Structures are given as structure tokens and as C-alpha cells.
2 protein chains.
Amino acid sequence: MEKTDITKSEWEVMRIVWTLRETTSSQLTDILSKKMDWSSSTIKTLLSRLCDKEFLGIKKDGRKNIYYSAIKEQAAYDMSVKRVFESMCCMHYGETLHDVIENIELSKSDIDSIIDVLKKKRDTAPEEVHCKCLEE
Amino acid sequence: MEKTDITKSEWEVMRIVWTLRETTSSQLTDILSKKMDWSSSTIKTLLSRLCDKEFLGIKKDGRKNIYYSAIKEQAAYDMSVKRVFESMCCMHYGETLHDVIENIELSKSDIDSIIDVLKKKRDTAPEEVHCKCLEE
DNA sequence: TTTTATAGTCTACAATTGTAGACAAAAGAA
DNA sequence: TTCTTTTGTCTACAATTGTAGACTATAAAA
């Protein structure tokens with residue numbers, strides 16, 4: 001198999017791996033069988049697909065597998081958000097960001113740093129963004 | 001078939017429909033066969049799936065189909081961005097937003113309105129956001 | 001050491017998605 | 001009015017995804 005996106009189910013696994021830095025299929029099963037109501041088989045399948053896609057790596061500890069992330073968490077998030085924005089009409093970027101910001105939890109320092117980048121961006125920002133949906 | 005997400009290929013169709021408000025399969029074919037290198041069959045299949053999923057509606061004009069969007073464009077974007085954020089660790093929301101903002105086009109008024117909502121949010125924002133990836 | 005519980009690897013199978021050909025009906029052209 | 005092009009509807013088929021059972025090799029327990 002080759003590299004595609006991380007799927008909805010796979011994100012669940014990846015998040016745990018990132019949080020724990022490394023883990024085993026039984027630890028994942030403990031956590032995810034409750035939360036997601038998955039069988040251990042399901043988790044094992046997801047693990048092996050994530051390895052095929054090279055989002056996870058394996059270290060052997062005896063006959064046991066230790067899984068660790070092969071991509072940076074932040075990079076994965078950036079990529080996946082970038083993909084969503086790429087399928088949108090750019091005229092709606094602003095409102096979409098506005099709406100998402102209203103609905104997620106951000107710390108004061110997150111907010112400050114975002115305001116910061118926005119202010120920098122403002123200097124060179126256009127008055128208007130034009131729709132390119134019919135172009136090409 | 002029942003309602004799921006809009007897929008990558010389907011977004012291409014939806015964006016055109018939103019832009020044109022209503023359109024036909026031949027007009028879509030003109031636009032998308034070049035841009036996406038799709039056959040007219042492919043476009044027709046996507047149209048019929050989007051109708052099944054109730055993202056598009058059909059009006060008959062003689063024996064011709066006129067397709068129109070059955071969901072609001074902004075609502076679709078909000079939903080899909082929300083979904084992505086739901087698969088992320090909330091500790092990374094801030095940096096992810098920061099990164100996406102750096103890389104997309106925003107108008108001055110977009111920026112002002114986002115700064116605005118951020119400032120409002122700041123009053124009640126926590127000092128820190130905590131990871132919930134292992135909870136439940 | 002025999003039994004049992006684990007962890008790992010394969011195989012399975014339905015639903016969704018990407019992509020498109022086959023065929024029929026109607027409309028326009030000759 | 002017959003031929004040709006459009007358009008619509010069905011069917012097709014491989015790849016991906018969600019979900020999990022079967023079988024195997026150990027390791028732990030009795």
C-alpha cells in the first residue's frame with residue numbers, strides 16, 4: 001500500500017500515539033476499545049495500515065511491537081487543515097476562520113500569537129479576495 | 001444511499017454549483033473536464049451521488065436536469081473545518097490556526113473581523129488549553 | 001510441563017469513492 | 001424523416017476505509 005491521507009479512524013490512533021510518544025497494541029486497545037467501541041482486531045488493522053502508509057514506525061521489543069509516530073503531530077494537522085482549505089472557495093476563508101475560532105478553545109497566548117500574525121499579514125493584505133472557482 | 005461527507009471530487013462540483021447558483025451537467029462538463037481531466041460520465045456520477053446525499057437538488061427543465069445546491073456554501077465549509085478540528089488534539093488548535101493563516105489569502109476586512117472575534121474571545125480565554133486525548 | 005491468555009499476521013467483507021463505459025431517449029441537423 | 005449528437009440513467013470495477021474474525025506463535029500461569 002502507498003501513502004494517502006490519515007483517515008477518520010486512523011486519527012484516533014495517531015492522537016494516542018503522539019500523546020504517549022510510543023505505545024503497544026494492547027495499550028491502544030485499552031484506551032480505544034472503550035472510547036471507540038472497537039475490537040482489538042480493528043486497532044491492529046489500523047496500526048498496520050498506518051505503518052504501511054508510513055505514518056507510524058515499529059520497533060521490535062522481543063516479539064512485541066512498539067509503535068511510534070513517523071510524522072510530526074503539528075505537521076499532520078497543518079497538512080490536513082491545508083487540504084480542507086484547498087477544497088474551499090477562497091472568498092470564504094475569512095468567514096470560515098471566523099466561525100471556527102468562535103467555536104474552539106484557545107488560550108490567551110494562542111490568541112495573542114494569532115492576532116500577531118494577522119496584524120503582520122494586514123499590511124500586505126488585499127482589499128478583497130477574488131473567487132477563482134471558475135478559473136482554469 | 002444516505003448522507004455522508006462531501007468527498008474531495010465532490011467538492012469540485014459543489015464549488016461550481018455554488019458559484020453559478022444553478023447549472024447543468026454539460027456546463028459542468030465544460031468546466032471540469034478540462035480542469036480535472038474527468039470524463040462527462042464521471043461528472044454525471046458525481047452529480048447523482050450528490051443528489052443522493054442531498055447536497056444537491058434537481059429541477060427538471062424538459063428532459064434536462066438543472067442542479068442547484070441544497071446546502072449553504074458557508075455552512076458546508078464550517079462543517080468540514082469543524083470536522084478536521086474535531087480529529088485534532090485541542091492543544092494544537094492555536095498553532096494550526098496560526099499556520100493556516102500564514103498560508104492563505106485574506107482581505108483586510110477578513111483580518112479585521114477575525115482580530116475582532118479573537119479580542120472578544122480573549123476576555124474569557126483560559127491561560128492554557130489541556131490535552132484531552134487520553135480521556136474517556 | 002500442559003493449559004491458557006496475548007499479541008501478531010492474514011484474510012474477509014461490505015460501504016464508499018474515483019473513474020468511466022454502455023445504452024436509451026430525445027433533440028437538433030441534414 | 002432519418003442521422004447524429006446530447007443528456008440522462010445504469011452498470012462496472014478497482015482502491016480505500018471501517019470493522020472484525022481466524023489462525024499462529026509465544027509467554028505466563030497453573
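Fair warning: this is a prediction, and the values are worked out from it, not measured in the lab. Convention: sequence-line order gives letters A, B, ...; per-chain numbering from 1.
Looking only at atom types and distance, the side chain of A:T7 has no donor-acceptor partner in the side chain of A:S9 under 3.5 Å away. There is a side-chain donor-acceptor pair under 3.5 Å between B:D110 and B:S107. In the model, A:S39 has a side-chain atom that pairs as donor or acceptor with a side-chain atom of A:T42 under 3.5 Å.
Between B:T4 and C:dT17 there is a side-chain polar atom (N or O) within less than 4.0 angstrom of OP1 or OP2. Between A:K8 and C:dT16 there is no side-chain polar atom (N or O) within less than 4.0 angstrom of OP1 or OP2. Proximity of A:S40 to the phosphate of D:dA20: no side-chain N or O atom is located under 4.0 Å from OP1 or OP2. When the side-chain nitrogen and oxygen atoms of B:S9 are compared with OP1 and OP2 of C:dT19, one or more of them lie within a distance under 4.0 Å. For C:dT17, one of the phosphate oxygens OP1 or OP2 lies less than 4.0 angstrom from a side-chain nitrogen or oxygen of B:K53.
In this structure, the nucleotide among C:dT19, D:dG18, D:dA20 sitting nearest to the side chain of B:L46 is C:dT19.
The environment of NZ in A:K82 is sparse: at most 12 heavy-atom neighbours from other residues, nucleotides or ligands sit within 6.0 Å. B:N103 CG: more than 12 foreign heavy atoms inside a 6.0 Å radius.
Here C:dA22 presents its P atom at 13 Å from NZ of B:K44, a figure rounded to the nearest Å. Atom C1' of nucleotide C:dT9 and atom CD1 of A:I58 are separated by 11 Å, given to the nearest angstrom. Regarding A:D37, its CG atom lies at a distance of 9 Å from the P atom of D:dT19, rounded to whole Å. In this entry the distance linking CZ of B:R49 with C1' of D:dC13 reads 11 Å, nearest Å. Between A:Q27 atom CD and C:dG8 atom P the separation is 12 Å, expressed in whole Å. Here the C1' atom of nucleotide D:dT6 and the CG atom of B:D30 are 12 Å apart, to the nearest Å. Nucleotide C:dT17 holds its P atom 12 Å from the CG atom of B:D52, rounded to whole Å. Whole-Å rounding puts the A:I43 CD1 to C:dT6 P distance at 15 Å.
Residue contacts for B:T42: at a heavy-atom cut-off of 4.0 Å it reaches a base atom on one of the strands shown. Among the atoms of the strands shown, none is found under 4.0 Å from any heavy atom of B:S48.
Of the residues in residues 59-68 of chain B, those placing a heavy atom less than 4.0 Å from an atom of DNA chain D are B:K60, B:R63, B:K64, B:N65, in numerical order. Residues from residues 11-26 of chain B with heavy atoms under 4.0 angstrom of DNA chain D, sorted by number: B:S25, B:S26.
The residue from B:Y77, B:Y67, B:F55 that alone fulfils the ring-ring contact (aromatic ring centres under 6.0 Å, His included) condition with B:W18 is B:Y77.
For the atom pair CD (A:E135) and NE2 (A:H130), the distance works out to 10.0 Å, reported to the nearest 0.5 Å.
Formation of a donor-acceptor pair under 3.5 Å by the A:K121 side chain with backbone atoms of B:I104 is found in this model.
Annotation: side chain of A:T24 is not in contact with side chain of A:N65 (no heavy-atom distance under 4.5 Å).
Applying the salt bridge (charged side-chain N to carboxylate O under 4.0 Å, His left out) test to B:K64 and every residue at least two apart in sequence or in another chain returns nothing.
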